[in-house]
Amino acid sequence: MDSRTVFEKERDNLVDQVAQGLEQVIANMSLLNRNLETIITIGRDFENVASLWSNFQAAIVTNKDGSNEEGNV
């Protein structure tokens, strides 16, 4: 027979469940980290496009403001 008490068996069972839960949390955190790194990489890829559109918009606004001032003179 097993010399362990019911308390010790239950404690070991709960410790095993906690360990499995922590392993699952670690696995999920790793997955989340990889997904965040992917999102950051994609965001960096759009920085050049955003900068280009910002420059284009600034040029259009500058051109529009300049043509209005010349027309008013």
Side-chain angles (χ1 to χ4, degrees):
M1 276 192 60
D2 196 4
S3 63
R4 296 185 315 161
T5 64
V6 174
F7 170 78
E8 289 171 333
K9 290 177 186 177
E10 187 63 27
R11 182 191 63 195
D12 291 343
N13 185 29
L14 291 173
V15 167
D16 288 341
Q17 288 178 4
V18 168
Q20 289 174 359
L22 288 175
E23 288 175 6
Q24 186 64 40
V25 167
I26 290 169
N28 288 338
M29 292 294 288
S30 289
L31 180 61
L32 176 63
N33 188 44
R34 283 193 307 268
N35 288 340
L36 289 173
E37 287 174 352
T38 301
I39 289 169
I40 289 169
T41 300
I42 291 170
R44 286 185 184 142
D45 290 344
F46 281 104
E47 284 179 359
N48 292 335
V49 175
S51 176
L52 177 65
W53 278 107
S54 177
N55 291 339
F56 175 74
Q57 189 259 349
I60 294 297
V61 168
T62 302
N63 188 23
K64 192 177 200 181
D65 291 342
S67 64
N68 286 343
E69 290 175 6
E70 290 174 4
N72 292 336
V73 175

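Because only heavy atoms are used, hydrogens play no part in the values below, and waters and symmetry mates are left out as well, while side chains stay in.
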task: Could you walk me through whether Gln17 and Leu14 pass the side-chain contact (heavy atoms from CB on, under 4.5 Å) test, one step at a time?
output: CA-CA 5 Å; Gln17 288 178 4; Leu14 291 173; 3.8 Å; yes

- request: Would you give the length of the straight line joining atom CD1 of Ile42 to atom CZ of Phe46, rounded to the nearest 0.5 angstrom?
  value: 7.5 Å

query: With a 4.5 Å limit on heavy-atom distance, are the side chains of Asn33 and Met29 in contact?
result: no

field: Thr41 side chain vs Glu37 backbone, donor-acceptor pair below 3.5 Å
entry: yes

task: Would you check, one step at a time, whether the test side-chain contact (heavy atoms from CB on, under 4.5 Å) holds for Asn28 with Gln24?
output: CA-CA 6 Å; Asn28 288 338; Gln24 186 64 40; 3.4 Å; yes

Flag side-chain contact, heavy atom, 4.5 Å: Thr5 against Lys9: no

From CG (Leu31) to CG (Leu36), nearest 0.5 Å: 9.5 Å

field: Any donor-acceptor pair under 3.5 Å from Thr38 side chain to Arg34 backbone
entry: yes

- request: State plainly whether one hydrophobic cluster holds both Ile60 and Val49, where clusters connect Ile, Leu, Val, Met, Phe, Trp and Tyr through side-chain heavy atoms under 4.5 angstrom apart.
  value: yes

